[in-house]
Amino acid sequence: MTDQIDVLLYGLGAIGSFYAFILSRNEKVRLTVVARSNYDAVKSNGFTITSENHGKHTVRPYKVVKSPAEAGGTFDFIVCAHKATDQSSVPAQLAPVVDEKETTIVIIQNGVGNEDVFREAFPKIAILSCVTWVGASQKEPGFVTHTKSEDMQMGLFPNPTVEEDAERLRLETFAHLLRQGNTVSTIVENIQIQRWEKVVWNAAWNSLTTLTMLDTHSWLRSPEATPMTLRLMHEVINVAQKCEVPVEHGLVDRLMDKILGMPPIGSSMQLDAKNGKPMEVEVILGYPVKRGKELGVDIPTLETLYTLLVAMNQRFMIIDTK
């Protein structure tokens, strides 16, 4: 890898914009971004981020494109920060800019099972999997607001065809880019623990706030809401454990304490539903349901919520294709 590091960021929503800003702070990074709804704004003026931690900055990427194929050439790192609403279609879009000997794919998304479609499409590449807790929004194209919330855990999605030292070097190189951008990140040995722990949180609060159109605290004031929430979280943990991911049931109490210690909140899925946009149903609920069925786990609450959200999501997916 040369001194110059070519990075493609795929998905310039609020979270993608935050990490585009972080990566742009390293002078060795040549940053190309794939934008969609905010393409015109970012192509003309870059994007502006106003952060409680980092201040106000305007970022002008090296290239702004509508699709990876427009970027030309291949990339050292491809950062996937898009909403995981149609994950299976993404590898084909990325194929023109992937060099299987040099490219590393970095996944910064909610959900579990996100890595599988990339491993299937690109069996020889290294994949880094990341769990992020960043509070950011983009209410106007090209203008991002970031709160103080800022944390990431990252690790390898191990590939037996890639030398372990080479994989580790790519992980450490990307972690260094984040440190140079002055953000918080931690390398962990088994990132699937963090992925499943966050999906326990998201499976509960995304689904329940979306189906009821209530904030978290209003939901929990409803009779039987707390027992149902607890059952749901424990079901997801049961699936994780059957997948040999050591998530402990004690996590449920910690997550309940956390939500009760916060102001009432909605969720990103609820916001998508309100805006008529496709929701991340499959990676948050669908994959745990699929694996639970395969492994014989009793998941009645999880299955019911998944069925309801799939039906609800169908009309948003139709709207998105028009």
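Sequence positions, counted from 1, serve as the residue numbers for this chain.
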Decide, yes or no, whether a salt bridge links Glu189 with Arg168 under the criterion of side-chain N to carboxylate O below 4.0 Å.
yes
Check whether Asn114 reaches the backbone of Val112 with its side chain - one donor and one acceptor, N or O, closer than 3.5 Å.
yes
Do His54 and Arg25 meet the criterion of a side-chain donor-acceptor pair at a distance under 3.5 Å?
yes
Ignoring hydrogens, what is the shortest heavy-atom contact between Ile125 and Glu100? Give both atom names and the distance.
CG2-CA, 3.5 Å
Verify the cluster assignment for Leu308 and Tyr287: are they in a single hydrophobic cluster under the rule of side-chain heavy atoms below 4.5 Å apart?
yes
With a 3.5 Å distance limit and no angle check, can you tell me whether Arg195 reaches the backbone of Cys130 through a side-chain donor-acceptor pair?
yes
Give a yes or no on whether Glu164 atom CD has more than 12 heavy-atom contacts from other residues, nucleotides or ligands under 6.0 Å away.
no
How about Gln109 and Glu280: does a side-chain donor come under 3.5 Å of a side-chain acceptor?
no
N/O donor-acceptor pair under 3.5 Å between Asn313 side chain and Pro278 backbone
no
Between Lys63 and Glu70, does any side-chain N to carboxylate O distance fall below 4.0 Å?
no
Between the side chain of Arg36 and the main-chain N/O of Lys66, is any donor-acceptor distance below 3.5 Å?
no
Are the side chain of Gln194 and the backbone N or O of Gln153 linked by a donor-acceptor pair below 3.5 Å?
no
Nearest heavy atoms of Ser51 and Thr147, plus distance in Å
OG-O, 4.5 Å
Any idea which heavy atoms bring Met256 and Met233 closest together, and the distance?
SD-CE, 4.2 Å
Taking only Lys NZ, Arg NE, NH1 and NH2, and the carboxylate oxygens of Asp or Glu, determine whether Glu294 and Arg291 approach each other closer than 4.0 Å.
yes
Pair Thr48, Thr58: side-chain N/O donor-acceptor within cut-off below 3.5 Å
yes
In Å, rounded to the nearest 0.5 Å, how long is the span from OG1 of Thr301 to CD of Glu235?
3.5 Å
Lys83 and Ser268, any side-chain heavy atoms less than 4.5 Å apart
yes
Report the distance from atom CZ of Phe143 to atom CG of Asn38, rounding to the nearest 0.5 Å.
11.0 Å
Is Leu305 reachable from Val289 through a run of I, L, V, M, F, W or Y residues, each pair having side-chain heavy atoms under 4.5 Å apart?
yes
I need the minimum non-hydrogen distance between Glu167 and Phe157, along with the two atoms involved.
OE2-O, 4.0 Å
For Met262, is there any backbone N or O sitting under 3.5 Å from a side-chain donor or acceptor partner on His217?
yes
Passing candidate, side-chain hydrogen bond (donor to acceptor under 3.5 Å, both in side chains) with Gln192, options Glu197, Glu244, Glu115:
Glu115
For a side-chain contact (heavy atoms from CB on, under 4.5 Å) check, start with the C-alpha distance between Ile22 and Asn182, then their side-chain angles and the critical distance, and finish with the verdict.
CA-CA 7 Å; Ile22 292 297; Asn182 198 31; 5.9 Å; no
Do Tyr306 and Lys290 have side-chain heavy atoms sitting under 4.5 Å apart?
no
Residue among Thr104, Val79, Asp76, Ile187 satisfying side chain to side chain contact (heavy atoms under 4.5 Å, CB included) with Phe174
Val79
Applying a strict under-4.5 Å side-chain criterion to I, L, V, M, F, W and Y, I'd like to know whether Val7 and Phe122 cluster together.
no
Would you give the length of the straight line joining atom CZ of Phe77 to atom OG1 of Thr173, rounded to the nearest 0.5 angstrom?
5.0 Å
With Lys198 via salt bridge (Lys or Arg N to Asp or Glu O under 4.0 Å) - residues at least two apart
none
With rounding to the nearest 0.5 Å, note down the distance linking OG in Ser89 to CG in Leu94.
9.5 Å
4.5 Å side-chain heavy-atom contact, Ile284 and Met269
yes
Of the options Asp86, Val310, Thr85, which is the one that meets Glu282 in a side chain to side chain contact (heavy atoms under 4.5 Å, CB included)?
Val310
For Asn159 and Pro123, indicate whether the former's side chain and the latter's backbone hold a donor-acceptor pair under 3.5 Å.
yes
Heavy atoms, side chains only, cut-off 4.5 Å: are Lys124 and Lys101 in contact?
no
Any link between Val283 and Ile105 through a network of hydrophobic side chains (Ile, Leu, Val, Met, Phe, Trp, Tyr) touching at under 4.5 Å?
no
Under the criterion side-chain contact (heavy atoms from CB on, under 4.5 Å), I'd like the reasoning laid out for Ile127 against Ile107: C-alpha separation, chi angles, the key distance, then a yes or no.
CA-CA 8 Å; Ile127 297 175; Ile107 299 171; 3.9 Å; yes
Do we see a donor-acceptor contact under 3.5 Å between the side chains of His146 and Glu52?
no
Determine whether Leu169 and Asp165 make a side-chain contact, defined as any pair of heavy atoms from C-beta on separated by less than 4.5 Å.
no
For a side chain to side chain contact (heavy atoms under 4.5 Å, CB included) with Trp196, tell me which candidate from Ile191, Asn190, Val236, Ile237 qualifies.
Val236
Side-chain (Ser149) to main-chain (Trp133) donor-acceptor, under 3.5 angstrom
yes
Closest non-hydrogen atoms of Ile299 and Gly292, given as atom of the first, atom of the second and distance, are CD1-CA, 4.1 Å
Using atom types as modelled and distance alone, determine if a side-chain donor or acceptor of Thr183 lies under 3.5 Å from a backbone N or O of Leu178.
no
Would you please name every residue forming a salt bridge (Lys or Arg N to Asp or Glu O under 4.0 Å) with Glu140, sequence neighbours left out?
none
Determine, using the 4.5 Å side-chain heavy-atom cutoff (strictly less than), whether Leu23 and Leu128 are members of one ILVMFWY cluster.
yes
Mind checking the CZ-CG spacing from Phe47 to Leu12? Nearest 0.5 Å is all I need.
5.5 Å
Going through the distances and angles, do Ser207 and Leu309 end up as a side-chain contact (heavy atoms from CB on, under 4.5 Å)?
CA-CA 7 Å; Ser207 60; Leu309 285 166; 3.5 Å; yes
Just verifying a value: how many Å separate Ile5 CD1 and Lys28 NZ, rounded to the nearest 0.5 Å?
6.5 Å
Closest heavy-atom pair, Ala14 versus Val144, reported as atoms and distance to 0.1 Å, is O-CG1, 4.1 Å
Heavy-atom check, side chain of Ile265 versus side chain of Ile259, under 4.5 Å:
yes
Ignoring hydrogens and geometry, is there a side-chain-to-backbone donor-acceptor pair from Gln138 to Gly142 under 3.5 Å?
yes
Contact check, side chains of Leu208 and Leu214, non-hydrogen atoms, under 4.5 Å
no
Could you check whether any side-chain heavy atom of Tyr19 comes within less than 4.5 Å of a side-chain heavy atom of Thr132, counting everything from C-beta outward?
yes
Test the Lys258-Trp205 pair against the cation-pi criterion, namely NZ or CZ under 6.0 angstrom from the six-membered ring centroid and within 45° of the ring axis.
no
With side-chain contact (heavy atoms from CB on, under 4.5 Å) as the criterion, how do Leu211 and Met312 come out once you've worked through the C-alpha distance, each side chain's angles and the decisive distance to 0.1 Å?
CA-CA 9 Å; Leu211 289 168; Met312 187 176 177; 4.1 Å; yes
